[in-house]
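Just so you know, these numbers use all the heavy atoms, side chains as well, and skip hydrogens, waters and symmetry mates. A quick note: this is a predicted structure, and the numbers were derived from the prediction, not measured.
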Amino acid sequence: MGNLLGGVSFREPTTVEDCDSTWQTDSEPEPEEPGPGGGSEGPGQEPEQPAQPPERAGGRSHSSPAPDEDAEAAGAEQGGDSTEATAKPKRSFYAARDLYKYRHQYPNFKDIRYQNDLSNLRFYKNKIPFKPDGVYIEEVLNKWKGDYEKLEHNHTYIQWLFPLREQGLNFYAKELTTYEIEEFKKTKEAIRRFLLAYKMMLEFFGIKLTDKTGNVARAVNWQERFQHLNESQHNYLRITRILKSLGELGYESFKSPLVKFILHEALVENTIPNIKQSALEYFVYTIRDRRERRKLLRFAQKHYTPSENFIWGPPRKEQSEGSKAQKMSSPLASSHNSQTSMHKKAKDSKNSSSAVHLNSKTAEEKKVAPKEPVEETDRPSPEPSNEAAKPRNTEKDSNAENVNSQSEKTVPQPQRVYL
């Protein structure tokens, strides 16, 4: 069965809309506050298995770049937040596709279920050092903690501390496999150190973990660290990786409190304004539960300025189409009514003018009749010959023309009677 499904390819999304299912089921109730533990799946949860079986959950792609490369390719967008004050933001397809793949368990990738060395688990069990630096996890947790210069300028440890099922920039770091994830979650020693690594990085950002459910708050040195975070925008890529790794290793519920905290600081407190674009494009969309994403985006929309630049939903397509159709139908109806009214008025005017013309003609005949009393009485009753009729008709026509010219001057009087 596995061989049969291995040849099935999942269709890659081609637009941002294809990648984002956040508002597809907006009728779902909002979730309750997340509890402790890992990423258990609820009604709106999005491990979102694709319609076709995935080919992988832990290897390099054979048809497209690794998802982390998508994130790195979009890194300039994450780092360009400070320029968004003057330009209207635009959804990034690279970000949307990268996070779509993450939430859908990396479709079109082969699943290397049984990797022999389990490098990430062995590193967290303090069995092997991370490469290329050759430093063990215990040394990182004990000696690097609080050394912000080292944590800022070293770029090889983050892939080992927060492993993913995608290749990062440190090619010595090994990708997670589904089998390794299962083993990692069952190893208390590894989980304990993983949470210590998470706390260490939070403190580096000026944040502290306050309880076992993932709630966070400002650290003692938050002012200094927030200023640094606002200016060192490559750390936004690190936060994206940390959020993804939390979801992979059983702490999906820790994501929302951190993202909500960052949105609040960026949009309400304005302490780290440069991070807001990355928070909305990347951090929110690492969350698998659609209801949680909607909740965060509604909060962000309430505080985002300028409000007209908020492009992350909820969609108003149906409402706008309905109102547009209604607006279009109203002018058409009024135009049709006005045309009908004009036609009716024209018809009435035509009828009234016809009536006036007939009345004028009757009046003319009455005026013409007294002018021929002798000729009519002297002539015999039989019908006249054609030769006799011609002169009479000519004389009548000339008289009618004279009467018409006179009647044009007297038309207003019958108009007042019949209109």
Side-chain angles (χ1 to χ4, degrees), residues 30-40 78 81 99 140-141 144-148 151-152 157-158 161-162 164 191-289 291-300 302-304:
E30 297 299 337
E32 298 178 357
E33 291 299 321
S40 59
Q78 288 202 60
D81 293 344
L99 296 164
V140 173
L141 295 175
W144 290 28
K145 181 181 179 181
D147 189 344
Y148 298 147
L151 293 175
E152 173 66 24
Y157 71 92
I158 197 73
L161 287 187
F162 301 98
L164 299 175
I191 288 296
R192 178 182 65 83
R193 289 188 175 117
F194 178 72
L195 288 176
L196 288 174
Y198 179 53
K199 289 180 181 179
M200 180 183 74
M201 293 307 297
L202 286 180
E203 290 175 9
F204 171 68
F205 299 135
I207 306 169
K208 65 178 180 179
L209 188 66
T210 60
D211 56 35
K212 295 181 179 180
T213 66
N215 289 318
V216 295
R218 290 174 174 177
V220 176
N221 60 344
W222 68 271
Q223 289 179 311
E224 173 196 343
R225 300 314 302 165
F226 280 12
Q227 182 178 353
H228 175 77
L229 182 61
N230 195 51
E231 296 169 356
S232 60
Q233 295 161 0
H234 72 94
N235 281 306
Y236 305 165
L237 287 166
R238 290 177 169 179
I239 294 174
T240 301
R241 170 174 276 273
I242 290 169
L243 288 165
K244 287 181 177 181
S245 191
L246 285 171
E248 297 286 28
L249 296 177
Y251 288 89
E252 178 73 24
S253 64
F254 276 35
K255 294 179 183 178
S256 289
L258 177 58
V259 176
K260 175 70 175 293
F261 175 83
I262 291 172
L263 287 172
H264 179 82
E265 292 292 341
L267 300 175
V268 180
E269 302 295 337
N270 201 37
T271 52
I272 39 177
N274 289 343
I275 206 172
K276 67 179 181 180
Q277 181 77 3
S278 291
L280 290 165
E281 274 293 274
Y282 292 83
F283 305 167
V284 168
Y285 289 96
T286 64
I287 297 170
R288 291 189 169 105
D289 193 325
R291 297 171 303 169
E292 278 293 339
R293 295 202 300 272
R294 289 197 295 270
K295 187 176 178 182
L296 291 168
L297 290 173
R298 287 192 180 104
F299 169 81
K302 186 185 299 184
H303 301 285
Y304 192 93

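- Screening T240, L243, L297 against Y285 for a side chain to side chain contact (heavy atoms under 4.5 Å, CB included) leaves a single residue, L297.
- A salt bridge does not link E248 with K255: none of the charged nitrogens is closer than 4.0 Å to a carboxylate oxygen.
- With sequence neighbours excluded, the residues that form a side chain to side chain donor-acceptor pair (under 3.5 Å) with E265 are R218, T271.
- Among all heavy-atom pairs drawn from K199 and L209, the shortest one is CE-CD2, 3.7 Å.
- For the ring pair (Phe, Tyr, Trp, His ring centres under 6.0 Å) test, residues two or more places apart in sequence or in another chain that qualify with Y157 are W144.
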>> The test is side-chain contact (heavy atoms from CB on, under 4.5 Å); show your working for L196 and K145 and say whether it passes.
In response: CA-CA 10 Å; L196 288 174; K145 181 181 179 181; over 6 Å; no
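- Partners of T210 under the side chain to side chain donor-acceptor pair (under 3.5 Å) rule, at least two apart in sequence or in another chain, do not exist in this structure.
- One finds the CD1 atom of I262 at 9.5 Å from the OH atom of Y236 (value rounded to the nearest 0.5 Å).
- If you take OG1 on T286 and CG on L99, they are separated by 7.0 Å, rounding to the nearest 0.5 Å.
- Minimum heavy-atom separation, E252 to G247: OE1-CA, 3.4 Å.
- N221 meets the side chain to side chain donor-acceptor pair (under 3.5 Å) test with Y148; sequence neighbours excluded.
- Residues that satisfy the ring pair (Phe, Tyr, Trp, His ring centres under 6.0 Å) test with F226, not counting sequence neighbours, are W222.
- Applying the salt bridge (Lys or Arg N to Asp or Glu O under 4.0 Å) test to pairs two or more places apart or on separate chains, none has a residue in residues 230-239.
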> Can you list the steps and then say if R291 with K295 is a side-chain contact (heavy atoms from CB on, under 4.5 Å)?
Replying inline: CA-CA 6 Å; R291 297 171 303 169; K295 187 176 178 182; over 6 Å; no
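- Of the options I239, V216, I287, a side chain to side chain contact (heavy atoms under 4.5 Å, CB included) to V259 is made by I287 and by none of the others.
- Checked against ring pair (Phe, Tyr, Trp, His ring centres under 6.0 Å), F162 has the following partners two or more places apart in sequence or in another chain: F194.
- Nearest heavy-atom pair across L258 and L202 is CD1-CD2, 3.9 Å.
- With sequence neighbours left out, the side chain to side chain contact (heavy atoms under 4.5 Å, CB included) criterion links N270 to P273.
- Remark: H264 pairs with no residue by the ring pair (Phe, Tyr, Trp, His ring centres under 6.0 Å) rule, at least two apart or across chains.
- A distance of 14.5 Å separates CZ in R241 from OH in Y282, rounded to the nearest 0.5 Å.
- In this structure, the salt bridge (Lys or Arg N to Asp or Glu O under 4.0 Å) partners of R193, at least two apart in sequence or on a different chain, are E138, E189.
- The CG atom of L195 lies 6.0 Å from the CZ atom of F254; values are rounded to the nearest 0.5 Å.
- Between F205 and I242, the shortest heavy-atom contact is CE1-CD1, 3.9 Å.
- Residues K302 and R298 are not in side-chain contact: their nearest non-hydrogen atoms beyond the backbone lie 4.5 Å or more apart.
- In this structure, the side chains of K208 and V220 stay at 4.5 Å or more apart for every pair of heavy atoms.
- Taking the side chain to side chain contact (heavy atoms under 4.5 Å, CB included) definition, one finds that L267 meets it with L263, K276, A300, H303, Y304, sequence neighbours left out.
- Closest approach of R225 to E203, counting heavy atoms only: CG-O, 4.1 Å.
- Atom CD in E224 sits 9.0 Å away from atom NE2 in H228 (nearest 0.5 Å).
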>> Checking F283 against I275 for the side-chain contact (heavy atoms from CB on, under 4.5 Å) test, could you report, in this order, the C-alpha distance in whole Å, the side-chain angles of both residues, the deciding distance, and whether it holds?
In response: CA-CA 10 Å; F283 305 167; I275 206 172; 3.8 Å; yes
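- Of all heavy-atom pairs between S245 and L164, the closest is N-CD2, 3.4 Å.
- Note that CG of L141 is 7.0 Å distant from CG of L161, once rounded to the nearest 0.5 Å.
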